[in-house]
Protein chains: 2
Amino acid sequence: MTYNYNYPRPALTVDCIVFGLDAELDLKIMLIKRDISPFQGQWAIPGGFVRMDETLEQAALRELQEETGIQDVYLEQLYTFGDLGRDPRDRTVTVAYYALINLVDQKIQAATDAREADWFPLSTIPQLAFDHNQILQTAITRLRSKIRYEPLGFELLPKKFTLSQLQKLYETVLDRPLDKRNFRKKILSMDLLIDTGTVEQNVAHRAAKLYQFDENKYSQLKRNGFNFEI
Amino acid sequence: MTYNYNYPRPALTVDCIVFGLDAELDLKIMLIKRDISPFQGQWAIPGGFVRMDETLEQAALRELQEETGIQDVYLEQLYTFGDLGRDPRDRTVTVAYYALINLVDQKIQAATDAREADWFPLSTIPQLAFDHNQILQTAITRLRSKIRYEPLGFELLPKKFTLSQLQKLYETVLDRPLDKRNFRKKILSMDLLIDTGTVEQNVAHRAAKLYQFDENKYSQLKRNGFNFEI
DNA sequence: GCAAAAGTGTTGTTGGTACACCCATGC
DNA sequence: GCATGGGTGTACCAACAACACTTTTGC
């Protein structure tokens with residue numbers, strides 16, 4: 001077909017699944033209570049319209065900043081949803097992203113612009129506005145498969161973390177137990193963790209070593225064909 | 001932010017990378033010569049505007065049908081591109097898809113609506129309109145990684161194929177040689193190929209057995225946690 | 001001294017890789 | 001009979017899985 005700019009256009013939004021890992025290593029997502037119709041009073045994931053002068057990623061980052069105060073976050077495009085009935089008022093296509101953050105490092109205040117917002121554990125997600133439950137499901141599936149071959153886990157943990165925390169995170173996301181010795185052997189053999197020389201504080205048992213992910217080394221190895229894998 | 005439907009909207013298109021495998025097992029993509037501005041006379045991938053009454057996937061299928069005559073094709077969403085300068089005339093966001101077909105089975109006529117269209121081997125892709133080279137690069141990367149853990153290869157081959165054809169396809173896409181005995185051992189051990197009992201015809205050497213991919217068995221195994229992998 | 005989590009090696013099994021020759025067919 | 005690709009097995013090695021006890025620390 002030929003280009004013709006006078007056809008009616010679908011509305012275009014971005015929406016964002018924000019995964020946050022709390023101090024107890026529980027994985028949560030941020031939801032916002034809608035204060036207007038449609039789906040007034042229902043929970044939804046943060047998002048909003050794409051402006052003419054910003055890229056899709058810029059729009060997602062801006063909405064996150066405006067609605068949740070989140071900044072400097074790992075963000076990745078997830079999928080674009082465009083089914084006909086997904087917005088009851090208008091034809092709306094949304095480009096979904098997902099973000100990964102650590103709730104201890106960032107101290108996100110859930111509600112910044114007076115709207116109600118909160119973190120929900122994955123086990124207690126209510127019915128969401130629009131097709132947001134479907135978007136969430138897609139995000140969980142993506143996270144679950146991608147964390148096995150990309151070092152996404154370190155985006156969810158604090159900068160310095162113990163091997164047990166890392167293992168527990170993988171067990172949470174992959175939803176199955178992992179053998180402690182084998183896990184440590186595998187992770188340490190990749191030689192991508194820097195021993196910070198410090199240990200965790202204020203624990204009622206032997207203090208664990210704190211490690212940091214070596215991003216520089218990883219991106220160098222990756223260029224040479226190395227594949228991260230758990 | 002609140003919903004407001006009166007903001008100006010970006011134009012929304014779908015574009016599609018069509019991978020086709022020819023009789024010589026060369027991987028090609030379909031390009032169409034643009035007959036209007038912008039990028040008039042340059043090659044581009046098929047695509048066009050999303051209508052208000054069709055989903056994104058329906059739009060991609062319709063454009064493929066209109067511009068290339070292709071029907072009944074494996075189609076998957078690739079990525080959504082929305083950089084500001086990608087269309088010189090207007091803000092345009094495109095949802096890119098990729099399709100996989102076999103050129104022998106389907107006998108695609110490249111040009112159906114009088115416009116010039118042709119199949120290009122990946123080694124001789126010209127400079128394309130818009131950001132279509134970038135989209136193509138993304139599609140090649142996706143195909144290369146996904147063919148290793150999803151049975152995409154069978155979408156590119158004819159329904160009945162020999163093990164050598166399958167191996168050559170994998171060598172083409174992965175861009176490295178594979179060991180014949182190990183490849184056969186691996187593939188046959190998954191027990192997903194049906195021996196059709198027939199052999200290829202008119203070859204000047206020992207005729208190879210023809211196999212078919214067992215889709216039913218695969219989707220059943222997949223539900224039980226089986227992972228295809230080459 | 002006890003509770004709680006950190007840390008550490010070995011063995012058996014499985015799957016990957018490397019590798020070379022005979023077979024069937026058409027001409 | 002020769003050229004062409006089809007088809008087959010074994011041996012070595014690396015990675016994975018299973019598994020239990022000692023160490024450190026705070027109380």
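This structure is a prediction, so every number in the text was calculated from the model and none was measured.
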Whole Å only: how far is the [atom1] atom of [X] from the [atom2] atom of [N]?
| X | N | atom1 | atom2 | answer |
| --- | --- | --- | --- | --- |
| Gln201(B) | dG5(D) | CD | C1' | 16 Å |
| Ile230(B) | dG15(C) | CD1 | P | 15 Å |
| Asp195(B) | dG6(D) | CG | C1' | 14 Å |
| Leu188(A) | dG9(C) | CG | C1' | 14 Å |
| Tyr211(A) | dA6(C) | OH | P | 12 Å |
| Arg184(B) | dA18(C) | CZ | C1' | 17 Å |
| Leu210(A) | dA5(C) | CG | P | 17 Å |
| Asp179(A) | dA6(C) | CG | C1' | 14 Å |

Q: Between Arg206(A) and Lys180(A), just flag the one whose closest nucleotide in DNA chain D comes earlier from the 5' side.
A: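 Here Lys180(A) is the residue nearer the 5' end.
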
Q. More 5' along DNA chain D: Glu229(A) or Ala204(A), using each one's nearest nucleotide?
A.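 Looking at DNA chain D, the more 5' nearest nucleotide goes with Glu229(A).
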
Q) So, is Arg181(B) close to the dG7(D) phosphate, meaning a side-chain N or O under 4.0 Å from OP1 or OP2? A)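 No, outside the criterion.
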
(Q) dG6(D), OP1 or OP2 - any side-chain N/O from Ser164(B) closer than 4.0 Å? (A)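 Checking dG6(D) against Ser164(B), a side-chain N or O does come within under 4.0 Å of OP1 or OP2.
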
Contacts under 3.5 angstrom, residues 219-230 of chain A side chains, donor-acceptor by atom type, not counting sequence neighbours:
residue: Ser219(A); atom: OG; partner: Glu215(A); partner atom: O; Å: 3.1
residue: Ser219(A); atom: OG; partner: Asn216(A); partner atom: O; Å: 3.1

Q. For Arg62(A), which of Gln65(A), Glu66(A), Gln58(A) qualifies under side-chain hydrogen bond (donor to acceptor under 3.5 Å, both in side chains)?
A.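 Of all the options given, the one that passes is Glu66(A).
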
Q) Step by step, would you call Lys217(B) with Asp191(B) a salt bridge (Lys or Arg N to Asp or Glu O under 4.0 Å)? A) CA-CA 9 Å; Lys217(B) 189 162 185 185; Asp191(B) 208 25; 3.0 Å; yes

Q | Upstream residue (5' side of DNA chain C) when Ala207(A) and Asn182(A) are each assigned their closest nucleotide | A |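 This one resolves to Ala207(A).
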
Q: Apply the test salt bridge (Lys or Arg N to Asp or Glu O under 4.0 Å) to residues Lys160(B) and Glu200(B): give CA-CA distance (whole Å), side-chain angles for both, the deciding distance (0.1 Å), then the verdict.
A: CA-CA 9 Å; Lys160(B) 298 182 177 187; Glu200(B) 55 181 351; over 6 Å; no

Q: Looking only at non-hydrogen atoms, find the nearest pair between Ile32(A) and Ala117(A) and report the distance.
A: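 Reported closest heavy-atom pair: CG1-CB, 3.9 Å.
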
Mind checking [X] for me? I need base, sugar-phosphate or nothing, with any heavy atom below 4.0 Å counting as a touch.
| X | answer |
| --- | --- |
| Lys185(A) | base |
| Lys186(B) | sugar-phosphate |
| Thr162(B) | nothing |

